[in-house]
Protein chains: 2
Amino acid sequence: MARSASSQPTEVELQILRILWQSGGATAREVHNALAAAEAKETNYSTTVKMLAVMLEKGLVKRDESASPQIFSAATSQKATQRRMLGDLIDKVYDGSALSLVLQALSSRKATAGELTEVRRMLDELEKSRLPRPDHE
Amino acid sequence: MARSASSQPTEVELQILRILWQSGGATAREVHNALAAAEAKETNYSTTVKMLAVMLEKGLVKRDESASPQIFSAATSQKATQRRMLGDLIDKVYDGSALSLVLQALSSRKATAGELTEVRRMLDELEKSRLPRPDHE
DNA sequence: GCGAAGTAGCGAACGAATTCGCTACGTCAA
DNA sequence: TTGACGTAGCGAATTCGTTCGCTACTTCGC
């Protein structure tokens with residue numbers, strides 16, 4: 001499978017991206033530690049560095065080489081990635097129906113009253129101004 | 001291999017599952033044809049059979065061996081699989097927040113008025129009877 | 001019964017993702 | 001300067017998903 005285009009970040013890549021999104025940027029060591037902390041990952045430091053290198057090649061992360069320990073940061077925003085993966089899921093398992101995904105998300109995970117209100121507000125907005133809401137991220 | 005637990009169906013497995021969900025059950029040949037029809041897949045028939053065998057091992061599909069050409073069917077319902085993958089996505093890319101997923105799904109994909117009404121109805125139900133809505137599938 | 005056409009199954013090949021070992025380089029304190 | 005310690009990078013090994021070739025078994029018409 002040629003991966004550069006049209007395909008999602010892999011499992012581990014996603015974990016690393018999450019770390020970078022949250023920290024805004026980190027050294028290889030920091031990423032490695034966060035990775036180890038997040039789960040019983042117990043991988044070699046070299047592995048993390050390699051992953052970062054691979055992701056750099058794929059264009060998933062950026063790197064500031066001027067810094068003493070190099071600083072890595074995500075190349076794509078979390079929102080853009082979310083949108084991409086969400087669309088993918090909808091196509092692949094919901095037969096393209098965003099509606100059924102939303103309904104299922106609402107029904108299967110118990111939402112708080114505040115959250116429901118939030119959704120309602122979003123609905124109001126959508127219904128009021130039915131504009132081709134730009135995909136600004 | 002033995003990945004029975006904790007991991008999602010792979011790309012091709014999902015395609016096959018979708019075919020089985022829609023048809024309710026099919027022979028290897030039918031699955032193969034549907035696969036070929038769905039996209040420019042152009043794979044060998046043996047490949048499809050092998051995939052089915054692997055999925056059988058993983059417990060993703062069931063098989064009626066008594067039928068003359070064996071009949072394969074999905075072992076898990078589409079809803080259950082959707083729920084599982086949705087939860088996975090929420091954890092992996094939405095930091096566990098179903099709310100932000102819902103908001104993004106609503107805002108990025110233009111929903112029809114009817115769909116919005118549908119969502120609203122669901123909200124009403126949820127707010128009215130805030131029961132620990134059982135995970136019936 | 002016999003051959004044709006399709007079904008079932010096995011093991012190996014291939015590629016991509018993940019892992020690690022080993023080497024080289026940089027920094028910093030004694 | 002030199003040794004300790006951490007960072008950077010390369011190539012190879014491993015694992016897993018996917019693909020196929022080859023062989024055996026069924027079914028059906030002749």
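The sequence lines fix the lettering, A, B, ..., with proteins before strands; numbering per chain opens at 1.
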Inset, instruction - Return the minimal non-hydrogen interatomic distance between Ser97(A) and Ile90(A), and the atom names on each side. - result: N-CG2, 3.7 Å

Inset, instruction - Test Asp91(B) against Arg18(A) for salt bridge (Lys or Arg N to Asp or Glu O under 4.0 Å), laying out the working first. - result: CA-CA 11 Å; Asp91(B) 287 340; Arg18(A) 258 190 309 178; over 6 Å; no

What's the closest nucleotide to the [X] side chain, out of [options]?
X: Lys50(A); options: dA12(D), dT18(D), dG9(D); value: dA12(D)
X: Ser46(B); options: dT18(D), dG6(C), dC22(D); value: dC22(D)
X: Gln70(A); options: dT19(D), dA8(D), dA8(C); value: dA8(D)
X: Val12(B); options: dT7(D), dT18(D), dT18(C); value: dT18(D)
X: Ala28(B); options: dA8(C), dT7(D), dT18(D); value: dA8(C)
X: Arg63(B); options: dG9(C), dT19(C), dT18(D); value: dG9(C)
X: Met51(B); options: dT18(D), dT7(D), dG21(C); value: dT18(D)

Spacing of [X] atom [atom1] relative to [N] atom [atom2], expressed in whole Å:
X: Glu42(B); N: dC20(D); atom1: CD; atom2: P; value: 9 Å
X: Glu65(B); N: dT7(C); atom1: CD; atom2: C1'; value: 13 Å
X: Leu14(B); N: dT18(D); atom1: CG; atom2: P; value: 10 Å
X: Glu57(B); N: dG11(C); atom1: CD; atom2: C1'; value: 13 Å
X: Asn44(A); N: dT14(D); atom1: CG; atom2: C1'; value: 14 Å
X: Glu30(A); N: dA8(D); atom1: CD; atom2: C1'; value: 16 Å
X: Glu13(B); N: dT19(D); atom1: CD; atom2: P; value: 11 Å
X: Met55(B); N: dC16(D); atom1: CE; atom2: P; value: 18 Å

Legend entry - Carboxylate-amine/guanidinium contact Lys92(A) Asp88(A), below 4.0 Å: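 Counted as a salt bridge, because a side-chain N and a carboxylate O are separated by less than 4.0 Å.
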
Legend entry - Any Arg29(A) side-chain N or O less than 4.0 Å from OP1/OP2 of dT7(D):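 It does, given that an N or O in the side chain of Arg29(A) lies less than 4.0 Å from OP1 or OP2 of dT7(D).
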
Legend entry - Thr47(B) side-chain N/O to dT18(D) phosphate OP1/OP2 under 4.0 Å: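 The answer is no; no side-chain N or O of Thr47(B) sits under 4.0 Å from OP1 or OP2.
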
Legend entry - Any donor-acceptor pair under 3.5 Å from Glu13(B) side chain to Thr10(B) backbone: yes

Legend entry - N/O donor-acceptor pair under 3.5 Å between Gln82(B) side chain and Val93(A) backbone: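 Judged by distance alone, yes, a pair lies under 3.5 Å.
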
Inset, instruction - Using a 4.0 Å heavy-atom cut-off across all strands, classify Thr43(A) as base, sugar-phosphate, or nothing. - result: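 It contacts sugar-phosphate atoms only.
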
